[in-house]
Protein chains: 2
Amino acid sequence: MANITDVARLAGVSHQTVSRVLNNENTVRPSTKARVEAAIAELHYRPSMVARALVTRKTRTIGLISTGNPLYGPSSTALGFNEAAREAGYQVTSASMSTSDRGAILEAIDVLVAQNVEALVLIASDVASIEAVQDLELQVPLITAESSGRMGGHSVSIDQFRGAELATSYLADLGHRRIVHLAGPSTSLDAAERERGWRSVLASRGLETREPVAGDWSPESGYAAAERLLGGGDFTAIFAANDQMALGVLHALSDRGLPVPGRISIVGFDDIPEAAHFIPPLTTVRQDFGELGRRIMESLLEVLRGQEFGEPVRTEPRLIERASAAPVGAGRAVTQPIAPPT
Amino acid sequence: MANITDVARLAGVSHQTVSRVLNNENTVRPSTKARVEAAIAELHYRPSMVARALVTRKTRTIGLISTGNPLYGPSSTALGFNEAAREAGYQVTSASMSTSDRGAILEAIDVLVAQNVEALVLIASDVASIEAVQDLELQVPLITAESSGRMGGHSVSIDQFRGAELATSYLADLGHRRIVHLAGPSTSLDAAERERGWRSVLASRGLETREPVAGDWSPESGYAAAERLLGGGDFTAIFAANDQMALGVLHALSDRGLPVPGRISIVGFDDIPEAAHFIPPLTTVRQDFGELGRRIMESLLEVLRGQEFGEPVRTEPRLIERASAAPVGAGRAVTQPIAPPT
DNA sequence: GACAGAAATGTGAGCGATCACATTTTCGAG
DNA sequence: CTCGAAAATGTGATCGCTCACATTTCTGTC
């Protein structure tokens with residue numbers, strides 16, 4: 001590979017002039033600039049980012065850490081972020097891991113920092129991940145996609161609390177008085193926010209609050225949770241903390257012959273691409289993950305340009321009405337606890 | 001940040017000795033090694049990967065390009081790859097894009113190569129992406145996750161053809177004689193392989209082959225395709241090229257009151273986490289995407305160690321039996337073309 | 001305790017760019 | 001023309017490390 005000196009020699013100028021052309025400083029005479037560019041083209045020269053990074057101390061690279069399984073939400077956020085970063089001229093070095101192990105996260109951060117990333121982004125909503133980075137002394141800014149506010153200004157998120165309010169109010173407006181919650185795992189901050197939103201609406205409307213049952217986001221856990229919910233007493237609506245669990249619920253109710261929304265209404269969360277084709281199509285809370293990813297990059301750019309972290313950026317989700325929730329009494333309400341199948 | 005000279009000074013040795021400790025060459029006396037390590041710890045020293053890369057010309061970085069929407073398959077593959085890479089001491093710089101635009105791909109490769117990645121991985125199954133890289137003259141090895149064999153030895157994949165055979169044979173063994181195919185987009189190499197597998201089984205068993213209807217992987221397209229399929233004539237089974245489209249089919253059939261698998265059996269492809277909770281639970285072909293990602297890294301390591309590309313690595317998918325396919329005639333077969341709803 | 005050979009450590013150059021500053025060239029005004 | 005300021009270009013140091021080779025310090029043997 002040719003280097004800057006080779007180009008300089010061929011163009012008959014000094015290496016510094018080549019450097020000036022490379023960084024298009026406008027103190028180079030058009031005629032020399034043309035000569036240099038010709039030499040660059042002839043040698044197929046590409047400046048070494050590594051050498052440049054060594055002296056400028058800028059790698060134009062951002063470290064992206066993501067934990068947990070490759071779910072639709074985080075994956076979409078990562079994609080949105082990645083595209084926005086590339087557009088802004090940044091590279092993204094990603095460290096993905098299926099665990100949220102503190103040691104693994106710190107190790108990944110260490111490697112990224114050693115590689116001189118200019119900033120870190122953490123896409124993860126579980127307490128373990130957030131806590132792992134919370135009080136870290138870092139040389140570079142770190143932003144999380146996290147909605148509880150625990151990271152102070154260093155976060156960009158979709159308002160999970162608001163989303164849960166939307167879902168729960170919608171069900172309450174439909175006349176449901178007993179709205180149970182299928183919560184996400186207790187390790188998830190987003191899950192906690194969603195539960196909080198649900199509780200808040202129930203409380204403000206004076207509705208009974210039954211202790212929620214928690215799943216782990218998977219359809220399996222949704223299925224299992226539905227059985228526990230059904231064994232636990234009377235209700236007409238379920239607010240599930242994500243669409244996958246809602247699917248499990250749909251399945252469980254179908255297995256028992258309980259019509260949705262005839263007897264039980266369901267609202268999910270996320271609006272995954274499948275949700276519109278669940279049977280029945282799922283009413284859910286849509287989060288624009290791509291947008292979230294782009295916003296993260298925007299915030300990061302501000303910080304990288306020297307601005308202080310401002311208020312946490314928080315965007316609003318929105319309710320998508322489909323067919324899984326209906327006015328209470330549209331079918332017969334479940335009035336008795338239902339025994340599990342024998 | 002401290003540099004190698006600072007450490008050397010504090011430890012009372014030369015920078016070269018520090019370098020030796022860093023690269024744990026065993027020509028350093030244990031006592032000096034300990035002194036150096038103490039100095040490293042005291043200064044919180046971390047060697048600059050950038051400086052190291054400049055001289056060794058090795059960045060220990062791999063460029064990962066992925067195109068298209070964040071589907072379960074590619075995302076899982078990327079995760080598996082990322083974890084394997086980290087374990088092997090490599091970083092992953094990823095360029096994800098929702099398009100498969102040739103220009104965008106070449107641009108991304110250019111940026112990655114300029115950054116001195118040691119290898120490139122392309123996770124994409126559409127013709128455009130593969131063609132974009134197919135005849136590229138690159139300084140670094142490039143591996144694709146691609147099953148058609150178009151990339152020669154430079155690919156690692158799950159045998160899509162075999163998976164389709166599995167699905168189709170399963171339906172045929174169940175007694176189905178008219179098995180239609182809901183294909184993936186014509187731009188997808190994987191889709192082409194799946195269709196080829198379906199055709200192959202049909203041909204070898206002397207079964208009628210109806211022209212498949214193509215979707216775009218989305219549940220919406222599955223729904224629409226089901227309607228076209230139903231309008232097109234008689235059949236008792238559908239092999240859908242992926243689970244999401246199978247979901248759309250399930251939805252369409254449910255809307256028409258056609259029982260699955262009573263009248264129509266369905267087999268999908270991928271085994272996404274939701275598939276087990278579709279109504280009915282979907283019989284499908286499972287691909288181990290995480291494994292695929294790890295295999296890609298394995299192959300890459302061999303190449304990076306100087307071995308030649310060998311035969312393309314090809315792993316087998318496997319059929320997961322659930323409830324969406326049943327022996328023909330378990331319900332009444334559809335004998336007349338069904339008019340679309342008015 | 002002298003010596004050779006091995007083991008341990010040190011020295012200076014160089015990777016490929018940018019930075020700070022020095023030097024040369026150009027251009028317009030008098 | 002000459003002069004001086006502005007524009008254009010050049011020079012050498014430097015970023016933080018590894019490489020190649022030089023030098024010093026240990027060993028063990030006689």
Side-chain angles (χ1 to χ4, degrees), chain A residues 1-40 43-61 89 91 110-118 139, chain B residues 1-40 43-61 89 91 111 113-118 139:
Chain A
M1 254 325 237
N3 64 22
I4 200 171
T5 314
D6 300 329
V7 174
R9 193 179 314 127
L10 182 60
V13 296
S14 74
H15 59 118
Q16 179 59 17
T17 298
V18 177
S19 173
R20 287 189 180 105
V21 173
L22 255 30
N23 299 283
N24 56 94
E25 293 168 25
N26 43 14
T27 74
V28 180
R29 195 172 313 177
S31 61
T32 30
K33 181 170 177 180
R35 275 211 323 287
V36 170
E37 276 165 348
I40 288 175
L43 296 173
H44 297 294
Y45 167 76
R46 304 243 39 193
S48 159
M49 293 306 160
V50 172
R52 184 175 287 176
L54 180 60
V55 43
T56 60
R57 293 152 175 291
K58 295 212 177 290
T59 50
R60 291 196 76 83
T61 297
Q91 311 248 83
D110 225 41
V111 171
L112 290 170
V113 168
Q115 200 221 2
N116 288 316
V117 295
E118 293 183 34
Q139 325 289 323
Chain B
M1 255 323 240
N3 65 21
I4 201 172
T5 313
D6 299 329
V7 174
R9 193 179 312 127
L10 181 61
V13 296
S14 73
H15 60 116
Q16 180 59 16
T17 298
V18 177
S19 173
R20 287 188 181 105
V21 172
L22 255 30
N23 298 283
N24 55 95
E25 293 171 23
N26 43 14
T27 74
V28 180
R29 197 172 312 177
S31 60
T32 28
K33 181 171 178 179
R35 277 215 319 287
V36 170
E37 276 164 349
I40 288 174
L43 296 173
H44 298 292
Y45 167 76
R46 304 246 38 194
S48 157
M49 292 308 160
V50 172
R52 185 175 286 176
L54 181 60
V55 41
T56 60
R57 292 151 175 291
K58 296 211 177 291
T59 50
R60 292 196 77 82
T61 297
Q91 312 248 82
V111 171
V113 167
Q115 198 221 3
N116 287 316
V117 295
E118 294 183 35
Q139 324 290 322

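All chains are named by letter (A, B, ...) in the order of the sequence lines, taking the proteins before the strands, and each is independently numbered beginning at 1. These numbers come from a predicted model, not from an experiment.
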Between the side chain of [X] and the main-chain N/O of [Y], is any donor-acceptor distance below 3.5 Å?
X: A/Arg35; Y: A/Ala11; answer: yes
X: B/Asn3; Y: B/Thr5; answer: yes
X: B/Thr59; Y: B/Asn116; answer: yes
X: A/Arg20; Y: A/Asn26; answer: no

Partners passing salt bridge (Lys or Arg N to Asp or Glu O under 4.0 Å) against A/Arg9 (at least two apart in sequence or in another chain): A/Asp6
Which of these nucleotides, [options], is closest to any side-chain atom of [X]?
X: B/Tyr45; options: D/dC17, D/dT11, C/dG10; answer: D/dC17
X: A/His15; options: D/dC21, D/dG10, D/dA13; answer: D/dA13
X: B/Val13; options: C/dA17, D/dT18, C/dG10; answer: C/dG10
X: B/Ala51; options: C/dT9, D/dG16, D/dT11; answer: D/dG16

4.5 Å side-chain heavy-atom contact, B/Lys58 and B/Glu118: yes
Flag side-chain contact, heavy atom, 4.5 Å: A/Arg60 against A/Gln91: no
[X] versus [Y], closest heavy-atom pair with distance:
X: A/Gln115; Y: A/Thr61; answer: OE1-CG2, 4.3 Å
X: A/Val21; Y: A/Val28; answer: CG2-CG1, 4.2 Å
X: A/Val36; Y: A/Val7; answer: O-CG1, 4.2 Å
X: A/His15; Y: A/Ile4; answer: O-CD1, 3.6 Å

Under the side-chain hydrogen bond (donor to acceptor under 3.5 Å, both in side chains) test, residues paired with A/Ser14 that sit two or more places apart: A/Thr17
The helix from C/dG1-D/dC30 to C/dG30-D/dC1: angle between end helix axes, five pairs per end, rounded to 10 degrees: 40°
[X] [atom1] to [N] [atom2], straight-line distance once rounded to whole Å:
X: B/Arg46; N: D/dC15; atom1: CZ; atom2: P; answer: 21 Å
X: B/Asn23; N: D/dC19; atom1: CG; atom2: P; answer: 7 Å
X: A/Arg20; N: C/dT18; atom1: CZ; atom2: C1'; answer: 10 Å
X: A/Glu25; N: C/dC19; atom1: CD; atom2: C1'; answer: 10 Å
X: A/Gln16; N: C/dA20; atom1: CD; atom2: C1'; answer: 9 Å

OP1 or OP2 of [N] less than 4.0 angstrom from a side-chain nitrogen or oxygen of [X], does that happen here?
X: A/Thr17; N: D/dT9; answer: no
X: A/Ser48; N: C/dG16; answer: no
X: A/Ser19; N: C/dT18; answer: yes

A/Arg52/A/Leu22 under side-chain contact (heavy atoms from CB on, under 4.5 Å): CA gap, chis, key distance, verdict: CA-CA 11 Å; A/Arg52 184 175 287 176; A/Leu22 255 30; 4.1 Å; yes
Interface with DNA chain C, restricted to residues 27-40 of chain B and to heavy atoms under 4.0 Å: B/Thr27, B/Val28, B/Arg29, B/Thr32
Neighbours of DNA chain C within residues 52-61 of chain A, by heavy-atom distance under 4.0 Å: A/Arg52, A/Leu54, A/Val55, A/Thr56
B/Leu43 and B/Met1: CA distance, side-chain angles, deciding distance, side-chain contact (heavy atoms from CB on, under 4.5 Å) verdict: CA-CA 8 Å; B/Leu43 296 173; B/Met1 255 323 240; over 6 Å; no
For DNA chain D, the residues among residues 3-12 of chain B that have a non-hydrogen atom under 4.0 Å from it: B/Asn3, B/Ile4
